[in-house]
**Student:** 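One structure, as structure tokens, below. Some questions next.
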Amino acid sequence: MGPPEPTDAAGGPPPSVRPAPLLIACALGIEQFALRSGHRKDAPESVTVLRTGMGPKAAATAVREALGAGSPVPDAAVIASGFCAGLVPGMHPGDLVVADETRGPHGSSVCTSVELLAKALSRVAPGRTVHTGTLMGSDHVVRGPERAELRTTGAIAVDMESAATLGSALRVGPRPVAAVRVVVDAPEHELVRIGTLRGGISAFRVLRAVVPAFFEWHRSLLLPRR
């Protein structure tokens, strides 16, 4: 038997091995509701689901303010989440996208522990396809021909907030970051088509179900508190 694990005066692990807080950022009220209702008893001690508002400017501003001077969670790990548009033919509403990087007008952000997160998502959402690749940022809803153009860049999905969210978080200070999106709109399943409501309900249920995978990713980080 090895030596006992170190503890602090309160009997828990020392502060140096406690994970930093977790900030989950999303744009829409319906996304925030799904993410909050997906909380489990194994949630981190300090987890915040932040609604940023729509668009890259709103996302960047909200995240900067949440993590900036005077923030109670300046060192938080950040996950950008919510819905997205798939760019790859064959994607379906309810598929999951795990970014290995986000890319936008102001540069790219490399994501942390992508493979671990993808595997955790596969476990908590069995039967759902998990796609890994570049998540592109846009300042508007992407449709039709523009979707095909973005696909030629190597991106597999697009949304309006993830790139801005992660970029803003990393400009405040180094930290683990990730982006997980649920496809609600895909090349053969555009929002303007019949069946959109069914696809939206499916995406909502998936987003609510995958929150425990976020916590597993977060527990793996073991970042020291400041």
Side-chain angles (χ1 to χ4, degrees), residues 24-35 38 52 54-56 59 79-105 108-111 114-115 117-167 177-211 213-214 217:
I24 305 172
C26 61
L28 305 176
I30 189 67
E31 295 168 335
Q32 185 183 49
F33 179 70
L35 292 162
T52 66
M54 287 184 64
I79 297 179
S81 195
F83 305 134
C84 72
L87 301 176
V88 180
M91 281 184 162
H92 295 88
D95 283 4
L96 286 154
V97 171
V98 182
D100 54 19
E101 70 165 345
T102 59
R103 192 185 305 160
S108 63
S109 301
V110 177
C111 297
V114 174
E115 184 177 354
L117 182 54
K119 288 180 178 178
L121 289 165
S122 294
R123 284 193 293 272
V124 300
R128 295 292 178 179
T129 302
V130 179
H131 306 268
T132 302
T134 298
L135 181 58
M136 185 67 73
S138 174
D139 62 1
H140 59 278
V141 176
V142 173
R143 302 190 186 282
E146 189 178 3
R147 189 197 300 267
E149 290 176 12
L150 287 178
R151 175 62 182 147
T152 65
T153 69
I156 64 170
V158 59
D159 76 275
M160 291 194 288
E161 294 84 26
S162 291
T165 292
L166 300 197
V177 294
V180 176
R181 292 277 169 172
V182 181
V183 174
V184 72
D185 180 37
E188 293 93 356
H189 304 274
E190 289 205 4
L191 287 172
V192 293
R193 295 187 179 184
I194 296 173
T196 296
L197 179 60
R198 180 181 299 175
I201 292 172
S202 173
F204 173 87
R205 289 173 175 168
V206 173
L207 187 60
R208 182 175 58 186
V210 299
V211 175
F214 297 177
W217 173 85

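Please read all numbers here as calculations on a predicted model, not as lab measurements.
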**Student:** Got Met136 and Val142 here, is their nearest side-chain heavy-atom distance under 4.5 Å?
**Tutor:**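 No, every pair of side-chain atoms sits at 4.5 Å or beyond.
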**Student:** Under a 3.5 Å distance rule, please check whether Arg205 uses its side chain to pair with a backbone N or O of Ala34 as donor and acceptor.
**Tutor:**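 No, the answer is negative, given that no donor and acceptor are paired below the 3.5 Å cut-off.
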**Student:** Show your working on side chain to side chain contact (heavy atoms under 4.5 Å, CB included) between Ile79 and Val177 and close with a plain yes or no.
**Tutor:** CA-CA 6 Å; Ile79 297 179; Val177 294; over 6 Å; no
**Student:** How close do Phe204 and Phe33 get, heavy atom to heavy atom, and via which atoms?
**Tutor:** CZ-CD2, 3.5 Å
**Student:** Judged by atom type as modelled, is there a donor-acceptor pair below 3.5 Å linking the side chain of Ser122 to the main-chain atoms of Ala118?
**Tutor:**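 Yes, Ser122 side chain to Ala118 backbone: donor-acceptor pair under 3.5 Å.
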**Student:** Judged by atom type as modelled, is there a donor-acceptor pair below 3.5 Å linking the side chain of Ser81 to the main-chain atoms of Val180?
**Tutor:**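 Checking the backbone N and O of Val180 against the side chain of Ser81, a donor-acceptor pair under 3.5 Å is found.
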**Student:** Report the distance from atom SG of Cys26 to atom CG of Leu207, rounding to the nearest 0.5 Å.
**Tutor:** 8.0 Å
**Student:** How long is the gap from CD on Glu101 to OG on Ser109, to the nearest 0.5 Å?
**Tutor:**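 These two atoms lie 8.5 Å from each other.
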**Student:** So, for Ala25 and Thr165, which heavy atoms are closest and what is the spacing to 0.1 Å?
**Tutor:**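 In this case the closest contact between Ala25 and Thr165 is CB-CG2, 3.9 Å.
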**Student:** I need the minimum non-hydrogen distance between Met160 and Val141, along with the two atoms involved.
**Tutor:**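 Heavy atoms of Met160 and Val141 come nearest at SD-N, 4.2 Å.
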**Student:** Could you tell me which non-hydrogen atom of Ala179 sits nearest to which non-hydrogen atom of Leu166, and how far apart they are?
**Tutor:**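 That closest heavy-atom pairing would be CB-CD1, 4.2 Å.
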**Student:** Could you tell me whether the side chain of Leu135 reaches within less than 4.5 Å of the side chain of Val158, counting heavy atoms only?
**Tutor:**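 Val158 vs Leu135: side chains apart.
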**Student:** First locate atom CG of Leu35, then atom CG of Leu28, and finally report the distance between them rounded to the nearest 0.5 Å.
**Tutor:**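 If I round to the nearest 0.5 Å, the distance is 10.5 Å.
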**Student:** Considering non-hydrogen atoms only, spot the tightest contact between Thr153 and Leu150 and give its length.
**Tutor:**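 Nearest heavy atoms, Thr153 then Leu150: OG1-O, 2.6 Å.
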**Student:** Would you mind writing out the side-chain donor-acceptor pairs for residues 124-131 within the sub-3.5 Å range, not counting sequence neighbours?
**Tutor:**
| residue | atom | partner | partner atom | Å |
| --- | --- | --- | --- | --- |
| Arg128 | NH1 | Ser202 | OG | 3.4 |
| Arg128 | NH2 | Ser202 | OG | 3.3 |
| His131 | NE2 | Asp95 | OD2 | 2.9 |

**Student:** Please round to the nearest 0.5 Å and tell me the distance separating atom CE of Met91 and atom CG of Asp185.
**Tutor:** 11.0 Å
**Student:** Using modelled atom types only, decide if a donor and an acceptor are shared between the side chain of Ser108 and the backbone of Thr102 within a distance under 3.5 Å.
**Tutor:** no
**Student:** Nearest 0.5 Å please: distance from the CG atom of Leu87 over to the CD atom of Glu146.
**Tutor:**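 Those atoms lie 9.5 Å apart.
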**Student:** What closest approach, in Å, do Ala80 and Ser162 show between heavy atoms, and which atom pair accounts for it?
**Tutor:**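 Looking at all heavy atoms of both residues, the closest pair is CB-OG, 3.7 Å.
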**Student:** For the side chain of Glu161 and the backbone of Gly55, is there at least one donor-acceptor N/O pair under 3.5 Å apart?
**Tutor:**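 Yes; at least one donor-acceptor contact below 3.5 Å.
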**Student:** So which of Ile156, Val114, Leu121 actually passes side-chain contact (heavy atoms from CB on, under 4.5 Å) with Thr132?
**Tutor:**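 Single side-chain contact (heavy atoms from CB on, under 4.5 Å) partner of Thr132 among Ile156, Val114, Leu121: Val114.
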**Student:** Can you list the residues that meet the salt bridge (charged side-chain N to carboxylate O under 4.0 Å, His left out) rule with Arg151, with sequence neighbours excluded?
**Tutor:** none
**Student:** With distance as the sole test, does Glu31 use its side chain to make a donor-acceptor pair with the main-chain N or O of Ala27 at under 3.5 Å?
**Tutor:** yes
**Student:** Which value, rounded to the nearest 0.5 Å, describes the distance between Asp100 atom CG and Glu115 atom CD?
**Tutor:**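 The distance works out to 11.5 Å.
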